Amino acid sequence: MPKAKINGIELFWREAGEGDPLLLLHGFPLNHTMWESQVEFFSGQNWRVIAPDQRGYGQSSLNPDETTTMDLLAQDAAALLDYLNIEKAVVVGLSMGGYVSFALYRQFPQKVRALVLADTKAEPDPPAAREGRYQLREAVREKGSVAARDVMVPKYFAPAVYSANLALVAYWEKVVDGINPEAIMATLPGLAERPDSVPLLPQIKVPALVIHGEQDTMMPVEGARQMAQAIPGGQFVAVAGAGHMSNLENSEFFNQTVESFLQALP
Ligand code: MLT
């Protein structure tokens with residue numbers, strides 16, 4: 001499994017397939033395994049799929065004294081593309097991965113061929129949400145990653161999925177339990193202080209698809225529809241039966257929608 005020293009940390013990524021590069025950026029506080037169905041599908045469709053564990057997550061290390069800002073995560077992603085001699089990639093980011101995609105486009109627009117913004121938003125945290133991030137940070141310091149698990153996992157899935165698909169929920173609880181608490185504590189201020197990406201939306205000059213679970217309880221779908229409208233030529237697709245983890249909850253539809261978007265790229 002590939003790992004490289006990048007920006008002072010050991011960065012791990014999953015890579016499969018050959019063809020044009022497709023970079024998959026995971027959500028918080030997760031790891032690259034959330035993309036397994038997309039890695040399998042797109043690597044079989046002539047794409048070179050690259051799914052990193054962002055710093056501190058999964059098998060990647062972090063510098064716990066440094067805040068994991070969205071800009072820093074974007075710099076890691078750009079450095080990984082450089083390391084792999086990739087000039088440009090289609091960037092797919094879910095939730096926090098979307099915040100990182102905005103940061104990547106802001107800092108390195110030449111590296112982004114197209115954007116797929118899944119279950120994410122451009123707005124910064126309102127004051128109460130920021131406060132909640134710092135409270136969660138203290139809870140994680142005290143109790144470990146289990147505190148993040150209890151706050152985050154119930155919000156990941158559509159209500160019907162959460163109550164019926166116990167195996168799926170248990171799996172993702174286990175994933176969050178296994179995340180390094182230092183990574184969560186380093187990322188929470190980075191999430192809380194992330195910049196407003198709304199002014200960036202009208203400046204996006206690459207093809208963009210906004211794809212969003214119809215029943216996302218963390219980020220209501222209406223906001224995503226408006227975000228797509230603010231991006232010149234931005235496309236919007238809602239994923240039926242899915243909450244915040246639209247790529248997992250309805251992966252077949254998610255993959256087909258993204259594939260149609262990719263097929264139409266210039
Ligand atoms: C995520 O899924 O990446 C997080 O929910 C994002 C956030 O907490 O804002």
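The figures that follow rest on heavy atoms only: side chains count, while hydrogens, waters and symmetry mates do not. Just so you know, these numbers come straight off a predicted model, no measurement behind them. Counting convention: from 1, in listed order, for ligands and their atoms alike.
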### Message
Is the contact between His244 and ligand 1 made by the side chain, the backbone, both, or neither, using heavy atoms and a 4.0 Å cut-off?
### Response
side chain
### Query
Hey, do the aromatic rings of His32 and Phe12 have their centres closer than 6.0 Å?
yes
### Message
Can you name the atoms of ligand 1, numbered from 1 with element, that are less than 4.0 Å from a heavy atom of Met152?
### Response
4 (C), 5 (O), 8 (O)
### Task
Classify the contact between Arg133 and ligand 1 as side chain, backbone, both or neither, using a heavy-atom distance cut-off of under 4.0 Å.
side chain
### Message
Check for me whether His26 has a heavy atom closer than 4.0 Å to any atom of ligand 1.
### Response
no
#### Entry: SB check Arg48 Asp20 (cutoff 4.0 Å)
no
#### Entry: Flag, side chain of Ser163 to backbone of Pro159, donor-acceptor distance under 3.5 Å
yes
### Task
Examine the side chains of Asp53 and Asn31 and answer whether a donor and an acceptor come within less than 3.5 Å of each other.
no
### Summary
When distances are taken from atom 9 (O) of ligand 1, the protein heavy atom at minimum range is Tyr99 OH, 2.6 Å
### Query
Is there any N or O on Met219 that sits under 3.5 Å from an N or O of ligand 1?
no
### Task
Spell out, as yes or no, whether a donor-acceptor pair under 3.5 Å connects the side chain of Gln107 to the backbone of Ala103.
yes
### Task
Please write down residue, atom name and distance for the protein heavy atom closest to atom 5 (O) of ligand 1.
Met218 SD, 2.9 Å
### Query
Starting from atom 4 (C) of ligand 1, which protein heavy atom do you reach first, and at what distance in Å?
Ser95 OG, 3.2 Å
### Query
Between His244 and Phe157, is the ring centre distance below 6.0 Å?
no
### Task
Run the numbers for me: atoms of ligand 1, each under 4.0 Å from some heavy atom of Gly27, listed by number.
3 (O)
### Message
Under a 3.5 Å threshold, yes or no: a donor from one side chain and an acceptor from the other, between Asn255 and Ser37?
### Response
yes
